[in-house]
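Written below as structure tokens is the structure these notes are about.
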Amino acid sequence: MQHKIQEAMIEIQRGCVEFIGKEYIESLVARFYQTGERFIVKAGFDPTAPDLHLGHSVLLRKLATFQQFGGRVKFLIGDFTATIGDPSGKKETRKTLTFEEVAENAKTYEMQVFKILDTQLTDICFNSKWLGSLGSAGMMQLTAQYSVARMMERDDFAKRFKENLPISIVEFMYPLLQGYDSVALNCDIELGGNDQKFNLLVGRALQRSYGCGKEQSVLTMPLLEGLDGIHKMSKSLNNYIGVIEEAKSMYAKILSISDVLMWRYYELMSIKSSKEITVLKDSVANNSLHPKAAKEALALEITTVFHNAELAREAQEEFQHIFHQKGIPHDIDSINVQVGTWICKVLLDLGFSPSSSQARRDIKAGALQINEEKMQDESFVFSQRGQYVIKLGKRKFAKIIVTD
């Protein structure tokens with residue numbers, strides 16, 4: 001029994017930044033093994049955008065780990081709090097969203113999270129259910145539980161105050177509302193990114209204030225680095241891999257990460273145990289396994305999780321066809337253009353470049369090939385009828401059919 005509990009705690013702690021209330025979690029796991037009684041684990045996601053990326057899946061993977069060792073997950077969609085906007089780490093007041101925008105974004109979340117979570121051990125919750133009915137008296141009672149001085153202990157608030165940058169009163173409400181979610185759901189454990197620590201601790205304080213008879217344990221996870229290996233994964237930085245991204249693109253993007261970053265992805269997103277990952281790392285370190293083989297295994301695993309085994313194998317075969325055998329994808333897009341069409345317009349129409357100026361820069365940098373020959377003439381036009389295959393960078397292919 002004790003051996004099982006120790007193994008469970010190793011997997012639960014894996015990759016986390018900070019662990020508050022470890023003894024309580026260990027007692028919950030022990031109770032599960034002894035009686036089968038499950039405990040409540042919560043993570044909140046504000047639907048400020050319609051799609052999740054692999055950075056979000058770090059928390060999902062940890063939630064799935066808790067399900068394996070006794071947790072029942074409350075996957076909280078912050079449809080109420082999203083209309084305020086989480087100020088964590090922000091240098092300015094966040095633009096608010098309407099309830100209609102939030103509802104539209106939230107629609108896709110339920111489908112996406114069950115690519116990782118067990119449907120039988122997951123409850124999808126919307127915090128508008130209790131926050132919307134809290135009322136003026138309830139809100140006043142909530143604000144009475146926390147002082148302005150304690151709220152100003154948050155680093156981002158303190159920095160903005162020192163720099164004379166505006167902080168709206170409604171931003172003070174966000175940590176309180178998130179904390180009240182833990183009261184409403186009677187949480188035992190709450191997970192969040194390491195930038196969420198203050199908000200998660202507010203949940204502990206409010207559980208005391210409202211007489212819940214418990215103080216939730218807090219586990220913070222790191223923000224996953226994106227494809228550049230430097231900045232956190234973000235759509236705005238275009239260094240992300242979308243959860244619903246097409247399988248071939250997902251597989252290829254994972255293979256593009258560095259050998260060093262690969263182990264970070266293994267630790268935070270792989271279904272392999274810590275022991276299995278250690279064996280892999282040792283095999284690479286002693287040269288009995290090539291890093292590329294380990295990365296291919298990771299890409300295949302993650303693509304299988306978010307799609308299926310068949311699509312993952314097809315993605316692997318396609319990648320080998322293109323990059324190992326220097327082939328052309330089997331299902332590339334094609335467009336018809338007229339004789340005299342400028343190459344930059346073609347790249348723009350295909351969506352390969354966001355602007356003509358960027359297309360020019362890509363061409364000058366040698367990123368463009370036409371019929372497998374490098375093309376660096378930014379003024380090139382298709383002057384003859386026929387079919388051409390163009391390639392921009394490593395993964396963008398298209399067939400161009402030129403007619404009169």
Side-chain angles (χ1 to χ4, degrees), residues 11-22 25 41-49 51-66 71 73-79 81-82 84-92 94 105-106 109 112-113 116-117 125 127 151 153-160 171 174-179 181-182 185 187-205 216-237 239-243 261 264-270:
E11 295 304 324
I12 286 171
Q13 294 177 83
R14 171 173 138 189
C16 75
V17 175
E18 196 162 358
F19 209 169
I20 299 170
K22 175 183 174 182
I25 295 180
V41 186
K42 161 200 163 193
F45 293 78
D46 282 352
T48 52
D51 299 326
L52 301 172
H53 54 61
L54 291 196
H56 300 115
S57 75
V58 170
L59 282 184
L60 296 178
R61 176 54 57 200
K62 188 59 68 177
L63 289 172
T65 297
F66 271 108
V73 166
K74 302 290 184 179
F75 182 87
L76 178 64
I77 296 179
D79 59 333
T81 44
I84 297 173
D86 182 8
S88 294
K90 304 295 186 296
K91 295 182 179 179
E92 58 186 20
R94 193 175 195 171
N105 291 341
Y109 278 33
Q112 295 173 55
V113 301
I116 291 180
L117 299 180
C125 310
N127 63 7
M151 201 62 77
E153 291 173 2
R154 273 183 48 151
D155 289 343
D156 46 2
F157 285 158
K159 287 177 183 176
R160 282 161 63 183
E171 289 182 272
Y174 189 96
L176 292 175
L177 294 173
Q178 181 176 334
D181 291 340
S182 294
L185 292 172
C187 295
D188 292 300
I189 304 163
E190 184 172 9
L191 311 185
N194 59 329
D195 59 340
Q196 287 280 305
K197 179 182 175 181
F198 183 92
N199 295 0
L200 304 182
L201 292 177
V202 172
R204 281 170 63 90
Q216 66 180 18
S217 292
V218 166
L219 193 153
T220 62
M221 296 299 294
L223 302 177
L224 182 69
E225 294 86 353
L227 300 175
D228 55 11
I230 301 172
H231 302 101
K232 73 172 184 178
M233 188 171 286
S234 166
K235 285 193 173 185
S236 62
L237 297 175
N239 67 349
Y240 73 100
I241 305 172
V243 165
L261 188 59
R264 177 81 154 171
Y265 279 46
Y266 259 116
E267 180 182 45
L268 297 178
M269 290 190 295
S270 177

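Counting begins at 1 with the first residue of the sequence. For the numbers below, each heavy atom of this structure counts, side chains included, while hydrogens, waters and symmetry mates do not.
For the pair C125/I77, no side-chain contact is recorded, criterion being any heavy-atom separation below 4.5 Å from C-beta on. Counting heavy atoms from C-beta outward, M233 and L224 have side chains that approach closer than 4.5 Å. Counting heavy atoms from C-beta on, the side chains of E171 and R160 come closer than 4.5 Å. Contact of the K74 side chain with the L185 side chain is registered, since non-hydrogen atoms from C-beta on lie closer than 4.5 Å. Counting only heavy atoms from C-beta outward, the side chains of K42 and D181 approach each other to under 4.5 Å. In this structure, N199 and L201 have side chains that are not in contact, with every pair of non-hydrogen atoms separated by 4.5 Å or more. Taking the side chain as every heavy atom from C-beta outward, V218 and R204 approach each other to under 4.5 Å. With a 4.5 Å cut-off on side-chain heavy atoms, Q178 and Q196 count as touching.
Looking at Q112, its side chain never comes within 3.5 Å of a backbone N or O of H53 through a donor-acceptor pair. Checked by atom type and distance alone, the side chain of D228 pairs as donor or acceptor with a backbone atom of H231 at under 3.5 Å. Of the possible donor and acceptor atoms, one in the side chain of N239 sits under 3.5 Å from a partner among the backbone N and O of K232. Listed for the D79 side chain is a donor-acceptor partner under 3.5 Å among the backbone atoms of N127.
Residues forming a ring pair (Phe, Tyr, Trp, His ring centres under 6.0 Å) with Y266 (at least two apart in sequence, or on another chain): W263.
Defined by atom type and a distance below 3.5 Å, a donor-acceptor pair is present between the side-chain atoms of Y174 and D46. Between the side chains of S182 and E190, a donor-acceptor pair is found at a separation under 3.5 Å.
Contact between L261 and G229 at its shortest, heavy atoms only, is CD2-CA, 3.8 Å. Summarising the geometry of A64 relative to I116, their closest heavy-atom pair is CB-CG2, 3.9 Å, with the distance given to 0.1 Å. When every heavy atom of I230 is checked against every heavy atom of E225, the shortest pair comes out as O-CG, 4.2 Å. Residue S270 comes nearest to R61 through the heavy atom pair O-CD, 4.1 Å, listed as atom of the first residue, atom of the second, then distance. P175 and M151 make their closest contact through CG-SD, 4.0 Å (heavy atoms, listed as atom of the first residue, atom of the second, distance). Closest non-hydrogen pair, L63 versus V73, comes out as O-CG2, 3.8 Å.
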inquiry  = Set out, in order, the CA-CA distance, both residues' side-chain angles and the distance that settles side chain to side chain contact (heavy atoms under 4.5 Å, CB included) for L52 and S57, then state yes or no.
reply    = CA-CA 8 Å; L52 301 172; S57 75; over 6 Å; no

Step by step, would you call K62 with E11 a salt bridge (charged side-chain N to carboxylate O under 4.0 Å, His left out)? CA-CA 9 Å; K62 188 59 68 177; E11 295 304 324; over 6 Å; no

Steps toward side chain to side chain donor-acceptor pair (under 3.5 Å) verdict (D188, S217): CA-CA 6 Å; D188 292 300; S217 292; over 6 Å; no

Practice task
Could you go through the side chain to side chain contact (heavy atoms under 4.5 Å, CB included) check for L54 and Y240 one step at a time?
Solution key: CA-CA 7 Å; L54 291 196; Y240 73 100; over 6 Å; no

* How far apart are the C-alpha atoms of I20 and K197, what are their side-chain angles, what is the distance that settles it, and do they pass the side chain to side chain contact (heavy atoms under 4.5 Å, CB included) test? -> CA-CA 10 Å; I20 299 170; K197 179 182 175 181; 4.1 Å; yes

Next on the checklist: Assess the residue pair F19 and T220 against the criterion (side chain to side chain contact (heavy atoms under 4.5 Å, CB included)); give the C-alpha distance rounded to whole Å, side-chain angles, the decisive distance to 0.1 Å, and a yes or no.
Outcome noted: CA-CA 7 Å; F19 209 169; T220 62; over 6 Å; no

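We find that E267 and R14 are not joined by a salt bridge, their nearest charged nitrogen and carboxylate oxygen being 4.0 Å or further apart.
Between the CG atom in N194 and the CG atom in L223 there is a gap of 4.5 Å [rounded to 0.5 Å]. Expressed to the nearest 0.5 Å, how far CG of L200 lies from CD1 of I189 amounts to 12.5 Å. Taking CG from L59 and CG from L191, the interatomic distance works out to 6.0 Å, rounded to the nearest 0.5 Å.
Between F75 and F45, a ring centre-to-centre spacing shorter than 6.0 Å is recorded.
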